[in-house]
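Here the structure comes first, spelled out in structure tokens, and everything after it is commentary.
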Protein chains: 2
Amino acid sequence: MSIPSYQQFCPVSMAAEILGSRWTIVLLRELCAGSTRFNDLRRGVPRMSPALLSKRLKELEGHGVIERRLVRKHPDIYDYVLTKAGQELKKVVMEVGVWGQRWVESDLSLKNTDPSLLMWDMRRNLNTPKLPPRRVTIQFIFSDQKSASKNFWILHDQNNGADLCSIDPGFDVDLFVRCDLRTLTAIWMGLDRVAKAIADERMFLSGDSDLSGAMQDWLGLSPFAATPKQVA
Amino acid sequence: MSIPSYQQFCPVSMAAEILGSRWTIVLLRELCAGSTRFNDLRRGVPRMSPALLSKRLKELEGHGVIERRLVRKHPDIYDYVLTKAGQELKKVVMEVGVWGQRWVESDLSLKNTDPSLLMWDMRRNLNTPKLPPRRVTIQFIFSDQKSASKNFWILHDQNNGADLCSIDPGFDVDLFVRCDLRTLTAIWMGLDRVAKAIADERMFLSGDSDLSGAMQDWLGLSPFAATPKQVA
DNA sequence: CCGTATCCGGGGGGATACTG
DNA sequence: CAGTATCCCCCCGGATACGG
């Protein structure tokens, strides 16, 4: 997308030269969501190769969308942060997402489930004020997944925020959440509800009853969950 | 962009699968601007090959963004019109354009001037109420262009609307506009003004004095001209 | 942990010509 | 006017392995 340009002065096409290359919008979504470190970004775009990620980051830097900032006292370790121009791209990313939420069929989206990505998004959007003011450990068990993709733990306390583990951290578990991946993904996207999934016996909670009763509240949803679908 | 998917359920990436392929956003801009016929669309994306244009139109139709409608009494001739989902993409296109106008450097945009494209955009956006209520012929002469790209005529009357010609239609010319391509492009983009270009002797008007005096008014500008640049 | 280097294949898309 | 058909190159980007 760099040299073979559209050769149009129109601002739409000039912007499209920057935003239109593969993975760029998805990467920007992850940057807008707050990830700044290389490997955090990778978790948001897991199917993007590190080589391509590095290349895109350089391009975005060259276009003034992000800048690299040295992490204090770590030479050669950088944060990638949005510039003012990059901040304004949030509007574009939001409009793209809103349109996707409204007009892309649910079944199509739900064909692309990914347990790590879902958990990564969920951890970031936890509605922490609705969690009890002590350390909480919640284990998610995806009944239809195997081994490495089956179990996840979210740890939260008010000092350290939320952590995500894919190997057992060893703490006592306050709440177990068991369901298939599609169910939790649909809830996260605003297409289903915790209560309904439980009533339909597609989801099973066990452990702390306060925590299980408030799951729909502490489980923050996708930024687009409130946008109503216009198609099946 | 069709099969090799991002494999993310996120609405942003689902939408990006549809919008992210080369030329698609630029084509959508032209559709949003109102072109519906194949060759009208071509004028808005002159550097796109007809084969690719046809392919993209099919893809957009497949994604429910546009639909083909038979032109009355012409079998095999179609209008391409935005569906409801397509209409809502105007928001995306606008946000992309606004960002481009604010953050892409003027010099970069003005390296991509194109006389036919500029005239095609201008014709569409004429502020016709500011033109006199009779037939008007305006000839544009790009002093730095050669032969086929040098002269354009805009014809307007209240019955037939505005027409654009690149060969002399033969009518008496009410106003001659002479300047270089960059100057008119910059005015169109809101980066320059008619009065300033004249004062600087970068633009010369001759003919009907009412028409020349009101040029800044009847010359409609780019939809993004009112958005202020944030960078040089 | 944070990237870079290298290889390599597939296909996207540019160019051109042509048809109903 | 409204597209198709075809060729073919190039380079995007996926995969993997490796250095700092």
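Reckoned from all heavy atoms, side chains included, excluding hydrogens, waters and symmetry mates. A note on names: the letters A, B, ... follow the listed sequences, proteins ahead of strands, and every chain is numbered from 1. Source: prediction; values computed, not measured.
Looking only at atom types and distance, the side chain of Glu17(B) has a donor-acceptor partner in the side chain of Ser5(B) under 3.5 Å away. Ser35(B) and Asp40(B) are not linked by any side-chain donor-acceptor pair at a separation below 3.5 angstrom, with hydrogens and angles left out of the test. Side-chain polar atoms of Ser106(A) and Ser109(A) form no donor-acceptor pair below 3.5 angstrom. No hydrogens or angles considered: a donor-acceptor pair under 3.5 Å links the side chains of Trp120(A) and Glu30(A). One side chain, Gln139(A) or Trp153(A), offers a donor N or O that lies under 3.5 Å from an acceptor on the other.
For the OP1/OP2 pair of dG3(D) and a distance below 4.0 Å, the side-chain nitrogens and oxygens of Lys55(B) include no atom meeting the criterion. When the side-chain nitrogen and oxygen atoms of Arg22(A) are compared with OP1 and OP2 of dG12(C), none of them lie within a distance under 4.0 Å. An OP1 or OP2 oxygen of dG14(D) is reached within less than 4.0 angstrom by a side-chain nitrogen or oxygen of Trp23(A). For dG3(C), one of the phosphate oxygens OP1 or OP2 lies less than 4.0 angstrom from a side-chain nitrogen or oxygen of Tyr80(A). Side-chain nitrogen and oxygen atoms of Arg42(A) include none within less than 4.0 Å of the OP1 or OP2 phosphate oxygen of dC1(C). Neither OP1 nor OP2 of dG3(C) sits under 4.0 Å from any side-chain N or O of Arg37(A).
Look at CG on Leu41(A): it is 10 Å from P on dC2(C), rounded to the nearest Å. One atom, CD of Glu17(B), and another, P of dG12(C), lie 13 Å apart when rounded to the nearest Å. Between the CE atom of Met48(B) and the C1' atom of dT16(C) there is a distance of 17 Å, given to the nearest Å. Per the geometry, CZ belonging to Arg68(B) stands 10 Å off C1' belonging to dA2(D), to the nearest Å. Going from atom NZ of Lys58(A) over to atom C1' of dT4(C) covers 8 Å, rounded to whole Å. We find that CG of Leu53(A) is positioned 17 Å from P of dC12(D), with the value rounded to whole Å. dC1(D) atom C1' lies 13 Å from atom CZ of Arg43(B), rounded to whole Å. The distance from atom CD of Glu59(A) to atom C1' of dC11(D) is 13 Å, rounded to the nearest whole Å.
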Pairs under 3.5 Å (Watson-Crick or G-U), crossing ones as [ ], inter-strand ones as |: DNA chain C comes out as |.||||||||||||||||||

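Along DNA chain D, the nucleotide nearest to Ile77(B) and the one nearest to Arg47(A) differ in position, and the one closer to the 5' end is contacted by Ile77(B).
Here the separation of dC1(C) from dC18(D), taken at their C1' atoms, is 15 Å to the nearest Å.
In summary, Glu67(B) and Arg69(B) engage in a salt bridge, as defined by a charged side-chain N under 4.0 Å from a carboxylate O.
Closest approach to the Leu52(B) side chain among dG13(C), dG13(D), dT4(D) is made by dG13(C) (side chain taken as heavy atoms from C-beta onward). With distances taken from any side-chain atom of Asn39(B) to the nucleotides dC2(C), dG13(C), dA2(D), the minimum falls on dA2(D).
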Grab the N/O contacts between the protein and nucleotides 16-20 of chain D below 3.5 Å, and write none if there aren't any.
none

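Between atom CG of residue Asp180(A) and atom OG1 of residue Thr113(A) there is a gap of 9.0 Å, rounded to the nearest 0.5 Å.
Of the options Leu82(B), Leu27(B), Leu19(B), a side chain to side chain contact (heavy atoms under 4.5 Å, CB included) to Leu60(B) is made by Leu27(B) and by none of the others.
Among residue pairs with one or both ends in residues 160-174 of chain A, those qualifying as salt bridge (Lys or Arg N to Asp or Glu O under 4.0 Å) are Arg134(A)-Asp174(A); sequence neighbours excluded.
For Arg135(B) and Phe171(B), the positive end sits near the middle of the six-membered ring, less than 6.0 Å away and at most 45° from its axis.
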